[in-house]
Amino acid sequence: MRRCMFVLMVLMVSLVNAQTLEERFERAYRDAIREAQKSSWALRIIAVALAEAGQLDRAIQTLNLALQNVRTGENAANRSVDLSGIAISLAKAGQIDRAIQIAQKFDYAWDSWRALNEIAKMLAKAGQFDRAIQITQKIEDAEVRSLALSEIAAELAKAGQFNRANQIFNLAIQIAQKSSCSSALAEIAKVLIKIGQIDRANKIFNLAIQIAWKIKDDFGRFSKLNDIVKILAGVGQIDRALQIAQKIEDTEYRSYMLREISAVLAQARQFNQALQVVQKIENEQDRSEALRNIVESLAKAGQVERALQVAQEIEVAWHRSSALAEVAAAMAKAGQTEQANQAFQLALQIAQKIEGASDRSSALTGIATTMAKARQTEGANQAFQLALQAAQKIEEARGRSWALTESAVAMAEARQFDLALQAAQKIEDTSDRSLALREIAAAMAKAGQLDRALEVAEMIDHPIVRLQALAAIVAAKREAEKGKSEKGQK
């Protein structure tokens, strides 16, 4: 049945082949508007697609239409979320006054603060500091306001306005401290380190840690301390981060925190220290993930032999197979073709033995993607086929549909377009199939296959998703024409 539907869609495509891209976009826009009706969320998606296609005025008109529909909505929570998104989108389109006006009319204050915070940051980056600071005064939540002010202070420092930056930093710290916002204080400390105020930052870190430890709720305390630990590790204060982690009593929480620290160390190529941290992780899943992160970083650093040794220590099969694929890619890059092939095959063997079909499909898709990036086209094709087979064995319909979508998108990104379309055909859920076809069309357009991308876009059932696909094609065509023009001028 699905095969017949697919053939029918191809026949329908042939009927519209004579239309220009612009005509198809207009038709898709009308269909999308009809589909959206009074959904402000859907209209906002349409506006984003219009902006991508370069139709900014029409995008703003659609956002205004979305605003009208929000006002007639019944659910206050949904209305606030939609208004927040509309306000931010209008601000990005340069409609700052309109955005601020909307942001102050929400039913739920948190969504209002979120929108005002984003608008303030946009203004600060544009050098409109006075206006940005004024907007923060409308944010009642201490944490959001202090973070917004610290971002403005950082932009002031970048602009060389150091005295004013210090004044705003002081205000941000005062607000966060008064309200015991430990995460905000840690974020402020991070910004201070970036601009070279190390001693001041350390004092703020101490204050943030003291406040976080006083939180009575176990999860709340861990959450705030984990935020601080990630920031400390990120700015190179590993010993302080470890001191906090080792004081955490709960094994699961402690393992998670240590994994975060090891990941930061791995990214910084401090491999010996990262491996020492891994030895302290008691949870098998977190330990395996931490080792995988180290392997990936070692491989990127060209330390292939060491990466291979570490990969063999990984206990969880999913992470071990993924790590081996990364090692294989590094070997291929180094010209070690035979060793790379062996490592890829070992990764595939391990992945194929994973019991759950969903995890097996995900692992195989990941390996195939890595092989494609390493230009192992034939091997990637084989791995994608195996992933597709595994996905089809997932018993639960929703999980099967999602796994097939994941595979189809990965195939498209790897430019395995025929295989991607095969996977998309097998997706039963209409929404998921539409999303997969959208990504395939976008990938084809980026690859310069505009005509084929148009054919795929016409196969999309959902009108709004079809418009998104066509917007991506319009954008790709515009970029291609711009590239040709610039090349011709040289």
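Positions are given from 1 along the sequence.
The shortest side-chain heavy-atom distance between Leu225 and Arg221 falls under the 4.5 Å cut-off.
The CD atom of Glu252 sits 7.0 Å away from the CG atom of Asp286 when rounded to the nearest 0.5 Å. Taking CG from Leu404 and OG from Ser361, the interatomic distance works out to 7.0 Å, rounded to the nearest 0.5 Å. Between the CG atom of Asn117 and the CD atom of Glu151 there is a distance of 7.5 Å, given to the nearest 0.5 Å. Atoms CD1 and OG, on Ile294 and Ser262 in that order, are 5.0 Å from each other to the nearest 0.5 Å. Within the model, atoms CD1 of Ile261 and CG of Leu242 stand 4.5 Å from one another, a figure rounded to the nearest 0.5 Å. If you take OG1 on Thr405 and CG on Asp429, they are separated by 7.5 Å, rounding to the nearest 0.5 Å.
When atom types are taken as modelled, the side chain of Arg466 and the backbone of Ala28 share no donor-acceptor pair closer than 3.5 angstrom. When atom types are taken as modelled, the side chain of Ser321 and the backbone of Ala347 share no donor-acceptor pair closer than 3.5 angstrom. Thr370 contributes a side-chain N or O that, together with a main-chain N or O of Gly366, makes up a donor-acceptor pair within less than 3.5 Å. Proximity of a side-chain donor or acceptor of Ser401 to a complementary backbone N or O of Ala397 within less than 3.5 Å is not detected. Side chain of Arg287 to main chain of Ile281: a donor-acceptor pair is present (N/O by atom type, distance under 3.5 Å, no hydrogens or angles). Between the side chain of Ser288 and the main chain of Gln285, no donor-acceptor pair closer than 3.5 Å is present. Without hydrogens or angle criteria, Arg254 side chain to Lys247 main chain gives no donor-acceptor distance under 3.5 Å. Side-chain atoms of Arg360 come within 3.5 Å of backbone atoms of Ile354 as a donor-acceptor pair (strictly under, hydrogens ignored). Of the possible donor and acceptor atoms, one in the side chain of Ser434 sits under 3.5 Å from a partner among the backbone N and O of His462. Checking side-chain atoms of Gln197 against main-chain N and O of Arg200 turns up no donor-acceptor pair under 3.5 Å.
Using a cut-off of 4.0 Å between Lys/Arg side-chain N and Asp/Glu carboxylate O, Lys190 and Glu187 are scored as salt-bridged. Salt bridge Arg398/Asp432: present, at least one basic N to carboxylate O contact under 4.0 Å. Remark: Arg452 does not engage Glu455 in a salt bridge, criterion side-chain N to carboxylate O under 4.0 Å.
Between Leu364 and Ala351, the shortest heavy-atom distance links the atoms CD2-CB, 3.8 Å.
Shown here are the side-chain hydrogen bond (donor to acceptor under 3.5 Å, both in side chains) partners of Ser183, two or more places apart in sequence or in another chain: Asp227.
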Pair Ile211, Leu185 - check side-chain contact (heavy atoms from CB on, under 4.5 Å), show working.
CA-CA 10 Å; Ile211 291 170; Leu185 286 167; 3.5 Å; yes
Please evaluate residues Val310 and Phe271 with respect to the criterion side-chain contact (heavy atoms from CB on, under 4.5 Å), reporting the C-alpha separation (whole Å), side-chain torsions for both, the decisive distance (0.1 Å), and the verdict.
CA-CA 11 Å; Val310 176; Phe271 300 121; over 6 Å; no
Step-by-step side-chain contact (heavy atoms from CB on, under 4.5 Å) determination, Gln382 to Gln345:
CA-CA 11 Å; Gln382 177 200 356; Gln345 288 305 313; 4.0 Å; yes
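Using cut-offs of 30° and 60° on the angle between ring planes, the pair Phe222 and Tyr256 is perpendicular.
Side-chain contact check for Asn381 and Gln416: at least one donor-acceptor pair (N or O, by modelled atom type) lies under 3.5 Å.
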